[in-house]
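Scroll down for the structure; my scribbles are underneath it.
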Amino acid sequence: MPELPEVEVVRRGLERWIVGRTTAEVAVLHPRAVRRHVAGAADFAARLSGRRVLDARRRGKYLWLPLGDGPSGPASDDGDWALLAHLGMSGQLLVQPADAPDEKHLRVRVGFQDELHTELRFVDQRTFGGLSLHPLTEDGVPDAVAHIARDPLDPEFDEEGFHRALRARRTTVKRALLDQSLISGVGNIYADEALWRTGLHYDRPTAALTRPRVSELLAHVRAVMGEALAVGGTSFDSLYVNVNGESGYFDRSLDAYGREDEPCRRCGTPIRRRPWMNRSSYYCPRCQRPPRVRRPLAAG
DNA sequence: TATCCGACCTGTTGGC
DNA sequence: TGCCAACAGGTCGGAT
């Protein structure tokens, strides 16, 4: 499942293989893949065709390619635009030889005006992800991403502001980690891993977290993401791959996620899995004590 | 206003 | 062998 490290691996691939090239024909093979482009698939293909790719950027799990003018004229008459991508659950951005057979779940194909004979393909089995075109705000971020918080690997991430937000919220720590308007890039896997490393139960109220505890949690979030990035991300199956179609290896290093009934690597207690918000939470019942349940005062 | 939770989507797995 | 339910989970929008 692509979270921040996996998206960063893809961004680096796009930076290497796509930046500087000018797009040619664009084919939308499944309209749902461009559903966030409100003007529709035809407009998406027309606007994207003939544009020079200037850069490959990322915030949290979103990545985008700022577009410049092409031989056919300006990209738009109302400022700078970018191709925005979200991989969702199963999205892949692949750079493939133009004559390679179509993938089973190929949704969008972008050709280029050069002699490299490779094309950019958006492949997505579950179609939770998608591509769209958006104007850039003054911060250089697509307007659709303006509400997304900076991610913990961003040097401008506001740790003090994050702590203040946690103190003010009446929510629990894992919910907060997955709230992309508070901190971006964290998904179910790295949330469970960071909580296990910090020794925090997923249901702990955020308002009770001290400043040092929040710092510790953020340090573990950064560490687990950095380690995953170093080995190409986490992949349980063929659904997450880099632009060359290769999987990462971090799943071999996970301490909590997906390890139900296996011994905790700290204390040996079997890891538990609990249904949580239509998904699962994995935790060590000894290292990560659940919060005490508040009982109402007895009447009389 | 803040928070919660179901829907979206499809391939895989396990039970019957 | 075939059918069905459960499961995976990021994001959005409606409900509370």
Side-chain angles (χ1 to χ4, degrees), chain A residues 1-8 10 29-38 58-64 84-93 103-108 122-132 134 141-149 151-152 162 164-195 202-208 221 225 228 233-241 247 250-251 254 256-261 271-283:
Chain A
M1 315 305 165
E3 299 183 28
L4 188 152
E6 292 74 39
V7 177
E8 174 60 17
V10 173
L29 307 175
H30 195 303
R32 188 174 151 79
V34 295
R35 65 192 180 283
R36 294 189 180 97
H37 187 82
V38 291
R58 180 189 58 74
R59 175 173 287 186
K61 302 169 200 168
Y62 285 89
L63 56 86
W64 65 92
L84 178 67
H86 196 291
L87 302 180
M89 289 281 295
S90 53
Q92 304 172 353
L93 279 168
E103 291 75 10
K104 183 177 179 183
H105 300 103
L106 177 61
R107 309 303 190 191
V108 179
F122 181 67
V123 178
D124 192 1
Q125 174 196 104
R126 298 176 194 168
T127 65
F128 275 40
L131 305 180
S132 49
H134 298 271
V141 173
D143 60 358
V145 177
H147 68 291
I148 300 294
D151 60 64
F162 179 62
R164 278 199 306 273
L166 292 188
R167 298 282 294 185
R169 293 271 180 126
R170 282 177 300 179
T171 189
T172 51
V173 64
K174 187 171 173 182
R175 284 179 189 274
L177 283 177
L178 297 184
D179 185 338
Q180 305 296 302
S181 68
L182 288 177
I183 180 172
S184 67
V186 185
N188 201 41
I189 297 173
Y190 295 121
D192 279 1
E193 290 303 304
L195 289 169
Y202 58 88
D203 234 2
R204 286 271 173 186
T206 59
V221 169
M225 285 183 165
T234 299
S235 184
F236 292 98
D237 48 34
S238 60
L239 284 185
Y240 160 68
V241 293
S247 292
F250 193 66
D251 57 309
L254 295 175
Y257 185 88
R259 298 193 65 241
E260 184 178 19
D261 294 334
I271 295 289
R272 284 188 187 159
R273 180 179 75 89
R274 286 286 177 271
W276 183 85
M277 285 185 69
N278 292 326
R279 30 185 69 73
S280 294
S281 274
Y282 295 85
Y283 71 104

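Only a predicted model underlies this, so the values are computations on that prediction, with no experimental measurement involved. In the text below, chain A, chain B and the rest are named by the order of the sequence lines, each starting its count at 1.
- The ring-ring contact (aromatic ring centres under 6.0 Å, His included) search around Phe122(A) returns none, not counting sequence neighbours.
- Put simply, CD1 on Ile189(A) is 18 Å from P on dC7(C), counting in whole angstrom units.
- Within the 4.0 angstrom heavy-atom criterion, no nucleotide atom of any strand lies near Arg35(A).
- Residues satisfying the side-chain contact (heavy atoms from CB on, under 4.5 Å) test with Lys174(A), not counting sequence neighbours, are Leu178(A), Asn188(A), Ala191(A), Asp192(A), Leu195(A), Tyr202(A), Trp276(A), Ser281(A).
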Just the atom pairs and distances: protein N or O near nucleotides 13-15 of chain C's N or O, under 3.5 Å.
none

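- Shortest non-hydrogen contact noted between Leu131(A) and Ala85(A) is CD2-CB, 3.5 Å.
- Partners of Ser132(A) according to the side-chain contact (heavy atoms from CB on, under 4.5 Å) rule, which considers only residues two or more places apart in sequence or in another chain, are Arg36(A), His37(A), Leu84(A), His134(A).
- Across Ser90(A) and Gln125(A), no two heavy atoms sit closer than the pair OG-N, 3.5 Å.
- Looking at every heavy atom in both residues, Ile148(A) comes nearest to Ser184(A) through CG2-CB, 3.5 Å.
- Asn278(A) comes within contact range of at least one nucleobase, with a heavy-atom separation under 4.0 Å.
- Among residues two or more places apart in sequence or in another chain, the side-chain hydrogen bond (donor to acceptor under 3.5 Å, both in side chains) test is passed with Gln180(A) by none.
- Partners of Arg279(A) according to the salt bridge (charged side-chain N to carboxylate O under 4.0 Å, His left out) rule, which considers only residues two or more places apart in sequence or in another chain, do not exist here.
- Using a 4.0 Å cut-off between charged nitrogen and carboxylate oxygen, Lys61(A) and Glu3(A) do not count as a salt-bridge pair.
- Rounded to whole Å, atom C1' of dA6(C) lies 14 Å from atom CD of Glu260(A).
- Side-chain nitrogen and oxygen atoms of Gln180(A) include none within less than 4.0 Å of the OP1 or OP2 phosphate oxygen of dG10(C).
- Using a 4.5 Å cut-off on side-chain heavy atoms (C-beta onward), Arg272(A) and Glu260(A) make no contact.
- Straight-line distance from the CZ atom of Arg273(A) to the P atom of dC7(C): 7 Å, rounded to whole Å.
- Within residues 168-176 of chain A, the residues that have a heavy atom under 4.0 Å from DNA chain B are, in order of number, Arg169(A), Arg170(A), Thr171(A), Arg175(A).
- Residue pairs meeting the salt bridge (charged side-chain N to carboxylate O under 4.0 Å, His left out) criterion with at least one partner in residues 177-190 of chain A, sequence neighbours excluded, are Arg169(A)-Asp179(A).
- When the side-chain hydrogen bond (donor to acceptor under 3.5 Å, both in side chains) test is applied to Arg59(A), no partner is found at least two apart in sequence or on another chain.
- Between chain A and DNA chain B, the heavy-atom contact criterion of under 4.0 Å yields a 5' to 3' nucleotide range of dT3(B) to dG11(B).
- Here Arg32(A) pairs with Thr127(A) under the side-chain hydrogen bond (donor to acceptor under 3.5 Å, both in side chains) rule; sequence neighbours left out.
- Per the geometry, OH belonging to Tyr62(A) stands 5 Å off P belonging to dT11(C), to the nearest Å.
- Rounded to 10 degrees, the angle separating the terminal axes of the helix from dA2(B)-dT16(C) to dC16(B)-dG2(C) is 50°, with each axis obtained from five end pairs.
- For His147(A) and dT11(C), the shortest distance from a side-chain N or O to OP1 or OP2 is not below 4.0 Å.
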